[in-house]
Protein chains: 4
Amino acid sequence: MLSTAGRASTGGTVTPERPLRADARRNRARILAAAEEVFAERGASASTEEVAARAGVAIGTVFRHFPTKRDLLAAIMKELRGRLVGKADALAAEGDPATAFFDYFGYLVESSARIGTVVGLLAEEGTAIEPGAQITALTGAFGSLLDAARRAGAVRGDVRLDEVMALVTATTHGALAGGWSDDLRRRTLARILDALRPAGR
Amino acid sequence: MLSTAGRASTGGTVTPERPLRADARRNRARILAAAEEVFAERGASASTEEVAARAGVAIGTVFRHFPTKRDLLAAIMKELRGRLVGKADALAAEGDPATAFFDYFGYLVESSARIGTVVGLLAEEGTAIEPGAQITALTGAFGSLLDAARRAGAVRGDVRLDEVMALVTATTHGALAGGWSDDLRRRTLARILDALRPAGR
Amino acid sequence: MLSTAGRASTGGTVTPERPLRADARRNRARILAAAEEVFAERGASASTEEVAARAGVAIGTVFRHFPTKRDLLAAIMKELRGRLVGKADALAAEGDPATAFFDYFGYLVESSARIGTVVGLLAEEGTAIEPGAQITALTGAFGSLLDAARRAGAVRGDVRLDEVMALVTATTHGALAGGWSDDLRRRTLARILDALRPAGR
Amino acid sequence: MLSTAGRASTGGTVTPERPLRADARRNRARILAAAEEVFAERGASASTEEVAARAGVAIGTVFRHFPTKRDLLAAIMKELRGRLVGKADALAAEGDPATAFFDYFGYLVESSARIGTVVGLLAEEGTAIEPGAQITALTGAFGSLLDAARRAGAVRGDVRLDEVMALVTATTHGALAGGWSDDLRRRTLARILDALRPAGR
DNA sequence: CATGAATGAGGTTTCATTCAT
DNA sequence: CATGAATGAAACCTCATTCAT
């Protein structure tokens, strides 16, 4: 569909799931990294051309890997989700159930402050960058930590998962939009987490 | 060489703030209302053309009233700020100091859910829509309510104003971005406000 | 045709050649003067709005007097032409035939340097501001002076009127476009006029 | 966080002046040619859209090559200046010093009659299309020819370079604005050049 | 596969002109 | 008659996307 010229050796077709050539995979990674940076700095309305420049590739290369800007955003989010879920698993495996939940909450907020708009985009399922399962995985990861913390008595019994997700969303968004200082972010986060702890603390 | 009388660089008038003609004021209001709606629905990147269409005026009319898109956004925020501060004053005047603070917090979150991106824009001083005093007024209004509530023992003594503002920002942003249901918003808000109440509740 | 309200006293019609009311005539003059200035400063692409502002009237008033920007330009030129022809007549009547021609040439160039683009517009009959007779009158005025000077032996016998007009056009345009200093303009003008004088000088 | 390599703010390239691709160079040339035509016919206020149409490209292509209309005008002038200076060099190298000066003067006027407004724009340094050196080069080229002619006794000794430039400017502008016939242009030019020749002729 | 030039719809803004007040 | 707000057709410019090299 792309070129019709006879590329006998490779077949001339565009098999979707062929393992990428080494340089192509390298480019893909660089583009994703650049996009994360650029969108974090300039917001999701930054131009694709700037992403290409930052990645050190030509604009065409970006569109070969991600046929649409939306695809690029979706890929960023998928990659990010993987990272975040991985962190959750690590905390679940290694750490104290009573603190893992709070640590993870804090980690998300800190991350969002670093990687910018992207965590925000993650929640913007409303504008439907990708149907559903984006935040679902994150919710799942969070759910396990929450359950464990609740069993350990570190979290109030009546706290529900959707409230937790809402509080994460709020805090990350707020941190981004508000331009909080490190100190303010810490104090604000502490207040919110306190709201989830049992009465006597 | 001829007459040097009546040289005004812009409009030939002397009084800078002439009261607008009736139809002009009507249009200005319609444009503001339309803009609030459109930006709430589509985000701040919605087109001015659409604002004009929604307001039922031609594109030129929008630009006569607001020479720049930025000016339009600034005007929306100013109007909104007025409304919000007004509500704070009303609550301070009329109500129970112990509850006014919490009522106002809730009012802001509810409002943001209704009027959309705009409260968000209010906090986006980072992109510098208008120097500083945008959120300052709101902060002032909030400060009075907070003090009163603290004196009434309804708010913990160690709660600081910047934390309150941060929590408002977070909650409104979260509510907008997260697309929370009414029920979820209520519960999430309750959790956050609980974090501000004295230990014994 | 304008308002249908009962203005019994004036009749409600727009008779084209009714003597203007005093204030209307005053406005017309101020607009013309302002337009001359503005177009001289900013070129013919200056906005009508600026002309109105400079004249101290509203934009509608300009268009009531001159239904089209082109009409306004034409009126300026007509007025200017009158002034210029008047000066020619004065020189013809009063002065030394041998010098009147050269004085007039110089006067036109000086004027153009003062009143700017407008004399230029006068020649832009190519872009057809008004069919023909604009420059014709000027040519006529110039013709008389030229004939007199020729008879007085102050101008070479083979100089033809169209050449003179061409030289005026060139010099005025050049003076405008080139931004010549007073000194340069004087010397350049002297060169050109020398070309019209008899060999022995 | 990822790679910091290849960060170029605009294009990701290192060599600033990469030779244009064949089709790009072709388009650039076509755009310049079209622009010269269009501006000659319609004046410098002609629309960029029309230039694009005349060149047979889309509007975006024009703006890729010339990010601003001003840039396009500047490029035209630069190209033209090159052509004109080249002609001066050719005349200086090949021809009779006594006539080269006059030939060049005539060539400039003829050219301006062909290529229209552009020579005019060249002089519009007032509107500052490009700092200074536009007309400087032309002046330099003219200066050499003038000196040579003066040494050959073909030009009066007291003629100064700025007067020559002023006369060129005037003649080209006049020719453009006045819409002179070929015959009139020739006669007018002859008058002006005569003014530069020694008395006895 | 990578490149980067070309495309063209759409956005903001200006301005001559009309028309309600 | 004067006023000045409304109109709407361009103008300039941007940017996601396509496609020849």
Side-chain angles (χ1 to χ4, degrees), chain A residues 2-3 7 10 14 20-21 23-24 27 45-52 57-70 72, chain B residues 11-13 18 20-28 45-50 52 56-70 72, chain C residues 2-3 5 7 10 14 20-24 27 45-52 57-70 72, chain D residues 11-13 18 20-28 45-50 52 56-70 72:
Chain A
L2 288 170
S3 84
R7 299 255 186 84
T10 61
V14 180
L20 289 172
R21 243 167 52 181
D23 58 341
N27 272 344
S45 75
S47 90
T48 311
E49 195 101 22
E50 179 156 358
V51 171
V57 301
I59 182 70
T61 305
V62 174
F63 277 89
R64 162 169 290 272
H65 285 284
F66 308 97
T68 283
K69 194 182 183 181
R70 168 165 302 243
L72 177 55
Chain B
T13 343
R18 184 116 54 86
L20 287 173
R21 234 165 59 180
D23 54 344
R25 192 164 53 244
R26 197 161 45 240
N27 273 341
R28 209 192 115 99
S45 75
S47 92
T48 309
E49 202 101 37
E50 179 158 358
V57 303
I59 182 68
T61 305
V62 175
F63 279 91
R64 161 170 282 266
H65 287 283
F66 309 97
T68 284
K69 193 182 182 181
R70 178 177 231 63
L72 178 54
Chain C
L2 287 170
S3 82
R7 299 255 186 84
T10 59
V14 180
L20 289 172
R21 243 166 52 180
D23 56 344
N27 273 344
S45 75
S47 91
T48 312
E49 193 100 24
E50 179 156 358
V51 171
V57 302
I59 182 69
T61 306
V62 175
F63 277 89
R64 163 168 291 271
H65 286 284
F66 309 97
T68 282
K69 192 182 183 181
R70 168 165 302 245
L72 177 55
Chain D
T13 343
R18 185 115 51 89
L20 287 174
R21 236 166 57 181
D23 55 342
R25 191 162 55 244
R26 199 161 43 240
N27 272 343
R28 209 192 115 98
S45 75
S47 91
T48 310
E49 201 101 37
E50 179 157 358
V57 301
I59 182 67
T61 304
V62 174
F63 280 93
R64 160 172 283 266
H65 286 285
F66 309 98
T68 285
K69 193 183 183 180
R70 181 177 227 63
L72 179 54

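Lettering of chains follows the sequences in order, A, B, ..., and the numbering in each one begins at 1. Worth saying up front: this structure is predicted, and the values here are computed from it rather than measured.
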Taking only the side-chain nitrogens and oxygens of [X], find out if one of them lies under 4.0 Å from OP1 or OP2 of [N].
X	N	result
Arg64(D)	dA5(E)	yes
Thr61(C)	dT3(F)	yes
Asn27(D)	dA5(E)	no
His65(C)	dC1(F)	no

Revision key, fill the gap. Nucleotide by nucleotide, nucleotides 10-19 of chain F touches protein heavy atoms under 4.0 Å in the pattern (B base, S sugar-phosphate only, - none) -SSBB-SBB-
Can you sort out the partners of [X] under side chain to side chain contact (heavy atoms under 4.5 Å, CB included), two or more places apart, ordered by chain and number?
X	value
Ser45(C)	none
Ala46(D)	Val38(D), Phe39(D), Arg42(D)
Phe63(D)	Thr48(D), Ile59(D)

Point to revise | Rounded distance in Å between the P positions of dC1(E) and dT21(F) | key: 22 Å
Practice item. Between Asp23(D) and Asp23(C), just flag the one whose closest nucleotide in DNA chain F comes earlier from the 5' side. Key: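 Its nearest nucleotide being more 5', the pick is Asp23(C).
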Check your understanding: Which dot-bracket notation, 5' to 3', represents the base pairing of DNA chain F when pairs are defined as Watson-Crick or G-U with both distances under 3.5 Å, crossing pairs as [ ], and inter-strand pairs as |?
Key -> .||||||||||||||||||||
Exercise for review: Output the single nucleotide from dA2(E), dT3(F), dT3(E) whose closest atom is nearest the side chain of Val57(A).
Suggested key: dT3(E)
Exercise for review: Can you tell me the distance, in whole Å, between the CZ atom of Arg26(D) and the P atom of dA20(F)?
Suggested key: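 Spelled out: CZ on Arg26(D) to P on dA20(F) is 13 Å.
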